K.L.:
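One structure follows; several queries about it will come next.
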There are 2 protein chains.
Amino acid sequence: MFMSTSVLLVYMSEPDSQRTVNATQTSVSVLEALAEADDTVGVTELANRLSIPKSTAYKHLNTLYEVGFVNKTGRKYELGLRLADLGERARATDPLYRTARPHIDQLVSVTDQPAGLVIEHEGLAVDLYRTTPARQIQVQLPNSRYLHCSAPGKAILASLSSERVMEILDETGLPQKTDRTLSDRSALREKLDRIDERGIAFERGEQRPSRRAVAVPITQNGSVLGAVYVAGTSDRLKSKRFEEDLPGILISTVKRFLPDL
Amino acid sequence: MFMSTSVLLVYMSEPDSQRTVNATQTSVSVLEALAEADDTVGVTELANRLSIPKSTAYKHLNTLYEVGFVNKTGRKYELGLRLADLGERARATDPLYRTARPHIDQLVSVTDQPAGLVIEHEGLAVDLYRTTPARQIQVQLPNSRYLHCSAPGKAILASLSSERVMEILDETGLPQKTDRTLSDRSALREKLDRIDERGIAFERGEQRPSRRAVAVPITQNGSVLGAVYVAGTSDRLKSKRFEEDLPGILISTVKRFLPDL
DNA sequence: AACATTGTTTATGTGTGATGAACGACACCA
DNA sequence: TGGTGTCGTTCATCACACATAAACAATGTT
């Protein structure tokens, strides 16, 4: 007849609360929420998304604002440019970024399409580098962080062991971003096997309705380091160009810089 | 007879300790310390630099590691690649970055030298974008965050009001990075005036002995948005090329994209 | 002008971050 | 092999600062 009125908050899933700073984690989750948002967000909206009190959200946003990690225009927040600085420094020494980057730039000028480099971190995608053709006007929307619904994500998943893939899916789940998203595990597994055979992953409106992409994994003696992709709208990426030309270009691009790693 | 035995901790210098999260601030300062370090650092070393206990440094590093904000190789830490992801997203919508970037890329291919885009935030430099020639082998060392000792920093300072410059110098000081660093205010002020006249700032070993750079401010109806720079070693950047050619190229580059802002 | 919705501030207790000291893991050298 | 120094990790403790709800102010909306 009870369990009283209060809910039993079981924080026990994270046993090492002794070795981590909780406040920092929530600040980071604030940043992540801002990163996922396609637009600027206010205090209340962000608090709702994270299921934390308004006052908490406010305090963290304010703190992050003062250090330049978030930007405030009026009463709306977005990621701050200090992060771009830190990001530049972070990848400056990364060997994969350093060798792959010029080839990705070349890829962009050859295909006249946005392209980028993605790696995996704890089951989620990390955009290491992204770029667009110079005259591209529209804003390039960021990749979803879920691996199962993007071309580079699937390319990476396909190069991992089945066990690791299951682990990742257990952790992250398979959110259905669009009606084309593969949210069934066995269907995904089958796709991944085909990707692994060909060495090419396609994305057809699986994370955004009108977006398409092609990606190839970067593998070095058995393990996958990341994936290179070319993206675009479905009206520009179709038929032979999408199915054959871009895959060929991508494969040869990766083949070209792989020895340098 | 009282105020008891305890010390009155006067945190009052930061009056808004009610509106900010202390733990987040220290986590951020950990990131900043890692950013400033030219190499990977261990727990003890970082604790010393920040004058905080080892155990505190450990806990923050561990927290930041678990969220991918720092990287751990053995027992050494450095900035993590998640920051590159967030940085990409942060600047993706920034108008200055979006318009300036292709021109900076072109600048690199024309000059065959590293180049970048810097903005100012709370009196310190923020590297919004940096890039190097494709075949460049050596790692590009990051700019100092202090404005007074770098070409882009001085270009920005020169475009600010004297009062604002004084404010900044009061906050940040004028650390002497090398023996050529201008650490005297009046000498700096004089330099800034000359920079403002010509619209060009030079850097001759003021933040690193062998480094040189040229920078021009990006100004729009009176206010400065940032600065574009070209950098290199003193043996490659000298005489006419350094004194005249690069300045000319930089000025025309900025002039070219300024109307687009 | 009444209302709804947002951001900001305040007051409170309790969890937790900061801390120093103890512990363990290594490396180096005698 | 044992000794010494240095490092990272864990532990125990306590003040206090984070998280929270609720009140307040500032918006925007009807």
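When reading the values below, keep in mind they use all heavy atoms of this one structure, side chains included, and skip hydrogens, waters and symmetry mates. Each chain gets a letter, A, B and so on, in the order the sequences are listed, and its residues count up from 1. Bear in mind that the values here come from a model prediction, so they are computed numbers and not experimental data.
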K.L.:
Please state whether the phosphate of C:dT9, meaning OP1 or OP2, lies under 4.0 angstrom from any side-chain nitrogen or oxygen of B:Arg19.
P.N.:
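Yes.
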K.L.:
Can you measure A:Tyr77 atom OH to C:dG7 atom C1' for me and round it to whole angstrom units?
P.N.:
8 Å
K.L.:
So, does A:His60 get its side chain near the phosphate of D:dC18, meaning an N or O under 4.0 Å from OP1 or OP2?
P.N.:
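No.
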K.L.:
Could you give the NZ-to-P distance, from A:Lys59 to D:dA19, as a whole number of Å?
P.N.:
7 Å
K.L.:
Give a yes/no answer on whether the side chain of B:Ser55 brings an N or O atom under 4.0 Å of OP1 or OP2 in C:dG20.
P.N.:
no
K.L.:
Taking the nucleotide of DNA chain D with the closest heavy atom to each, which residue, A:Ser51 or B:Val43, is nearer the 5' end?
P.N.:
B:Val43
K.L.:
Looking across every strand, which nucleic acid part, if any, lies under 4.0 Å from B:Thr56 by heavy atom: base, sugar-phosphate, or nothing?
P.N.:
base
K.L.:
With A:Glu203 as reference, evaluate A:Lys177, A:Arg212, A:Arg180, A:Arg211 under the salt bridge (Lys or Arg N to Asp or Glu O under 4.0 Å) test and give the passing residue.
P.N.:
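Of A:Lys177, A:Arg212, A:Arg180, A:Arg211, salt bridge (Lys or Arg N to Asp or Glu O under 4.0 Å) with A:Glu203 is met by A:Arg211 alone.
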K.L.:
For B:Asn62 and D:dT9, give me the distance from atom CG to atom C1', rounded to whole Å.
P.N.:
10 Å
K.L.:
Which residue, A:Thr24 or A:Gly42, contacts DNA chain C at a nucleotide closer to its 5' end, judged by nearest heavy atom?
P.N.:
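Result: A:Gly42.
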K.L.:
Measuring to OP1 and OP2 of D:dC11, would you say a side-chain N or O of B:Lys54 lies under 4.0 angstrom away?
P.N.:
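No, B:Lys54 has no side-chain N/O under 4.0 Å of OP1/OP2 on D:dC11.
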K.L.:
So among B:Glu32, B:Glu122, B:His121, which one has a side-chain hydrogen bond (donor to acceptor under 3.5 Å, both in side chains) with A:Arg82?
P.N.:
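For A:Arg82, the side-chain hydrogen bond (donor to acceptor under 3.5 Å, both in side chains) check succeeds only for B:Glu32.
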K.L.:
Would you mind telling me which of D:dT10, D:dG8, D:dT20 lies closest to the side-chain atoms of B:Arg75?
P.N.:
D:dG8
K.L.:
Do B:Lys72 and B:Tyr77 meet the cation-pi criteria used here (NZ or CZ under 6.0 Å from the six-membered ring centre, within 45° of the axis)?
P.N.:
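No; the conditions do not both hold, so B:Lys72 does not lie above the ring face of B:Tyr77.
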K.L.:
Does B:Asn22 place a side-chain N or O at less than 4.0 Å from the phosphate oxygens OP1/OP2 of D:dA17?
P.N.:
no
K.L.:
Does a donor on one side chain and an acceptor on the other come within less than 3.5 Å for A:Arg19 and B:Thr63?
P.N.:
no
K.L.:
Can you tell me the distance, in whole Å, between the CD1 atom of A:Ile52 and the C1' atom of C:dG15?
P.N.:
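Between C1' of C:dG15 and CD1 of A:Ile52: 17 Å.
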K.L.:
Would you indicate what A:Lys76 reaches in the nucleic acid, counting non-hydrogen atoms under 4.0 angstrom: base, sugar-phosphate, or nothing?
P.N.:
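No contact at all - A:Lys76 keeps every heavy atom at 4.0 Å or more from the nucleic acid.
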K.L.:
To the nearest Å, give me how far apart CG (B:Leu46) and P (D:dG8) are.
P.N.:
10 Å
K.L.:
Quick one: B:Lys72 NZ to D:dC7 P, roughly how many Å, whole number?
P.N.:
16 Å
K.L.:
Between C:dC23 atom P and B:Tyr58 atom OH, what is the distance in whole Å?
P.N.:
18 Å
K.L.:
Looking only at side chains, do B:Thr131 and A:Arg101 share a donor and an acceptor under 3.5 Å apart?
P.N.:
yes
K.L.:
CG of B:Leu61 versus P of C:dA18: gap in Å, rounded?
P.N.:
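Going from CG in B:Leu61 over to P in C:dA18 covers 12 Å.
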